[in-house]
Enquirer: 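Okay, here's the structure, questions in a sec.
Count residues from 1 along the sequence. No experiment lies behind these values; they were computed from the predicted model shown.
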Amino acid sequence: MGKAAQAQAGRDRARDARLKAARERRLKLDPDQLAREQRIDEAAVDVEVAWEERAQAEQAVADAEVAASAAIERILAERLAVKDVVHLTGLDQATVRRLRQLETDGDDDDDDETGDTSRSRHHC
């Protein structure tokens, strides 16, 4: 390291030390500021954690709906009517239709990826 770089590094360290000392003097003038900053930091972290938990919950809901959709299709494959699915599951008809659409949407995605559009669904 050259003399100029060493001198600059020394100035940087001195500046950092002065900044730290200035911050400490400022906090002594306003002791509540440190507690306030800590509360703000904790609240910001709480938001981040809550948002991550929300994303995980959304994924859990999506996974549960896919599983319910597949189960509904299995019931319908046994030649039961949608009204029977409604009666058996306690879900309303709109929810059953929406979940069945998830299954159909998933099949369309698979067909597009494989290029096989010859498969069709028949339910009685």
Enquirer: Are more than 12 heavy atoms from other residues, nucleotides or ligands located less than 6.0 Å from atom CD of Gln38?
Expert: no
Enquirer: Between Arg11 and Gln8, do the side chains contain an N or O donor and an N or O acceptor separated by less than 3.5 Å?
Expert: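 Yes, Gln8 and Arg11 have a side-chain donor paired with an acceptor closer than 3.5 Å.
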Enquirer: Within a strict 4.5 Å, meaning less than it, do heavy atoms of the Arg15 and Asp12 side chains meet?
Expert: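 No. Closest side-chain heavy atoms not under 4.5 Å.
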Enquirer: Got Arg36 and Arg39 here, is their nearest side-chain heavy-atom distance under 4.5 Å?
Expert: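 Counting from C-beta outward, Arg36 and Arg39 do come under 4.5 Å.
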Enquirer: Does His87 reach the side chain of Lys83, with side-chain heavy atoms less than 4.5 Å apart?
Expert: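 No, side chains not in contact.
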Enquirer: Nearest 0.5 angstrom please: Glu65 CD to Gln101 CD, how far?
Expert: 12.5 Å
Enquirer: Going by heavy atoms in the side chains, are Thr89 and Thr95 under 4.5 Å from each other?
Expert: no
Enquirer: Drop me the distance from Arg26's CZ to Leu34's CG, to the nearest 0.5 angstrom.
Expert: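 Answer rounded to 0.5 Å: 9.5 Å.
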Enquirer: So among Glu53, Arg54, Glu48, which one has a side chain to side chain contact (heavy atoms under 4.5 Å, CB included) with Trp51?
Expert: Arg54
Enquirer: With a 4.5 Å cut-off on side-chain heavy atoms, are Leu76 and Val82 touching?
Expert: yes
Enquirer: My understanding is that only residues two or more places apart in sequence, or in another chain, count here; which of them pass side-chain hydrogen bond (donor to acceptor under 3.5 Å, both in side chains) with Asp16?
Expert: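 Once residues adjacent in sequence are excluded, Asp16 has no partner under the side-chain hydrogen bond (donor to acceptor under 3.5 Å, both in side chains) criterion.
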Enquirer: Under 4.5 Å between any side-chain heavy atoms of Arg100 and Glu73, yes or no?
Expert: yes
Enquirer: Would you indicate whether Gln6, at its atom CD, is surrounded by more than 12 heavy atoms from other residues, nucleotides or ligands within a distance under 6.0 Å?
Expert: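 It does: Gln6 CD has more than 12 such atoms within range.
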Enquirer: We want to know whether Glu52 and Gln56 form a side-chain donor-acceptor pair, criterion being a heavy-atom distance below 3.5 angstrom.
Expert: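 No.
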Enquirer: Using a 4.5 Å cut-off on heavy atoms from C-beta on, say whether the side chain of Ile75 contacts that of Asp84.
Expert: no
